[in-house]
2 protein chains.
Amino acid sequence: MGTSFLGRFDYSIDAKGRVNIPAKFRKGLNPEAEETFVICRAPSSCLRAYPMDKWKNRQLELDTLAETPDGLKIKRQTYGTLSESTLDAQGRVSLTQVQMKLAEITKEVTLVGEGDYVEIWDTEKFNKYIGLEPEEDGFDDAHFNIVKSEMEKK
Amino acid sequence: MGTSFLGRFDYSIDAKGRVNIPAKFRKGLNPEAEETFVICRAPSSCLRAYPMDKWKNRQLELDTLAETPDGLKIKRQTYGTLSESTLDAQGRVSLTQVQMKLAEITKEVTLVGEGDYVEIWDTEKFNKYIGLEPEEDGFDDAHFNIVKSEMEKK
DNA sequence: CACCATCACCCACCATCACCCACAATAACC
DNA sequence: GGTTATTGTGGGTGATGGTGGGTGATGGTG
């Protein structure tokens with residue numbers, strides 16, 4: 001099975017593009033994942049790291065996409081930023097230049113466990129996105145929009 | 001079986017039209033492929049390289065196309081840019097003039113593993129296509145369009 | 001049949017990455 | 001609170017992988 005990834009962790013990326021994976025996540029890894037993550041692009045120009053076993057499902061989804069302009073683009077945008085990375089002896093994965101450029105990662109990195117996968121963000125960018133600065137982030141708007149649309153369904 | 005091709009790799013093409021195939025992909029090659037790729041045209045004016053064994057399936061698909069104007073055109077556009085290329089001792093394939101012209105390949109080349117096949121692009125062209133510059137690329141739009149159309153099916 | 005261009009094969013160099021070790025900082029434990 | 005285990009960070013090095021060029025065989029052309 002493997003446990004699900006939960007929690008936020010802040011690390012730094014070194015000159016070789018290596019980022020630490022939280023010990024907690026490493027311990028929860030499925031043996032079938034073979035210590036390997038698939039890292040690719042996700043919405044809002046961030047990265048997602050799937051342990052190998054979980055990635056399989058995601059790939060199945062991608063492969064069923066029709067070869068429409070949108071379908072092709074999504075596939076290429078995903079595969080075109082993708083890499084496989086196996087944990088080194090210290091429990092790190094490494095990012096490619098392309099991935100770092102896309103996610104605007106420079107030095108500080110934030111990992112967010114979201115169940116089956118881990119998102120990798122530039123720390124500053126992520127803080128802005130979630131609106132660590134109170135009252136500026138649209139959290140309330142998004143929340144109330146959803147509540148509202150739920151109510152309209154009924 | 002052979003593993004599926006995954007990941008992006010950037011190389012350069014030499015004066016003889018030779019492009020490297022990632023060591024990772026070579027290792028995943030099926031013995032039945034006999035180190036040989038079939039290279040042909042794909043949507044968006046790029047190239048696809050199928051290992052011989054996987055190509056067979058693609059050819060079956062093509063052969064079932066009806067002889068409508070569209071069907072004929074697709075077949076001729078595919079067969080008309082096609083070449084077979086066997087890996088040399090350094091693990092490279094070579095592209096034809098026609099293929100390079102079609103894909104606008106000059107020097108830098110990007111290979112994208114997409115499961116059963118590998119796409120070959122001019123690096124600059126590909127970066128523009130996938131929108132490496134964040135927030136300008138329509139990734140989110142395409143993503144949400146697909147999610148939306150999935151929801152509408154249900 | 002002679003000539004020339006092209007391709008397949010061979011060899012040599014250099015950059016990059018995977019692996020290894022070493023240390024610092026933190027957390028856990030007694 | 002002191003000691004030990006764990007976790008995160010950084011850097012060196014040898015093996016592997018990518019690039020470029022030379023040469024003889026092969027096939028097309030006049």
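Letters A, B, ... are given to chains in the order of the sequence lines, protein chains preceding strands, and every chain is numbered from 1.
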* To do: Heavy atoms of chain B, cut-off under 4.0 Å: which first and last nucleotide of DNA chain D, 5' to 3', fall inside that, if you could look?
  => D:dG17 to D:dG22
Base, sugar-phosphate, or nothing for [X], non-hydrogen atoms under 4.0 angstrom?
X	value
B:S12	sugar-phosphate
A:K24	nothing
A:D14	sugar-phosphate
B:A23	sugar-phosphate

* Applying salt bridge (charged side-chain N to carboxylate O under 4.0 Å, His left out), which residue pairs with at least one partner in residues 77-98 of chain B are found, sequence neighbours left out? -> B:D14-B:R92, B:D88-B:R92
Let's test this: given Watson-Crick or G-U wobble pairing with both distances under 3.5 Å, identify the partner of [N].
N	answer
C:dA24	D:dT7
D:dT23	C:dA8
D:dG30	C:dC1

Find the distance [X]:[atom1] to [N]:[atom2] and express it as a whole number of Å.
X	N	atom1	atom2	result
A:F9	C:dT26	CZ	P	16 Å
B:E35	C:dC9	CD	C1'	14 Å
A:Q97	C:dT16	CD	C1'	12 Å
A:R92	C:dA22	CZ	C1'	12 Å
A:N20	C:dT26	CG	P	14 Å

* Crowded around A:E114 CD? As in, over 12 foreign heavy atoms under 6.0 Å? ->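 Yes, CD of A:E114 has more than 12 neighbouring heavy atoms, counting only those of other groups under 6.0 Å.
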* Asked: Are B:W121 and B:Y129 an aromatic pair by the rule of ring centers under 6.0 Å?
  ->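 When the ring centroids of B:W121 and B:Y129 are compared, they turn out to be within the sub-6.0 Å range.
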* Step through it carefully: locate the ring centre of B:F37, locate the ring centre of B:Y117, and say whether they are under 6.0 Å apart. =>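 When the ring centroids of B:F37 and B:Y117 are compared, they turn out to be at least 6.0 Å apart.
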* Asked: If we ignore angles and hydrogens, is there a donor and acceptor under 3.5 Å between the side chains of B:T96 and B:S83?
  ->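 Per modelled atom types, B:T96 and B:S83 side chains form no pair under 3.5 Å.
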* Would A:R76 and B:S44 count as having a side-chain donor-acceptor pair, cut-off 3.5 Å? -> yes
* Pairwise 5' ranking along DNA chain C for A:Q90 and A:K16, keeping only the more 5' one -> A:K16
* **Heavy-atom donor-acceptor pair, B:T123 side chain to B:V109 backbone, under 3.5 Å** =>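 Flag set: sc B:T123 to bb B:V109 pair under 3.5 Å.
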* Structure fact -> Of B:A15 and B:R26, the one whose closest nucleotide on DNA chain D sits nearer the 5' end is B:R26
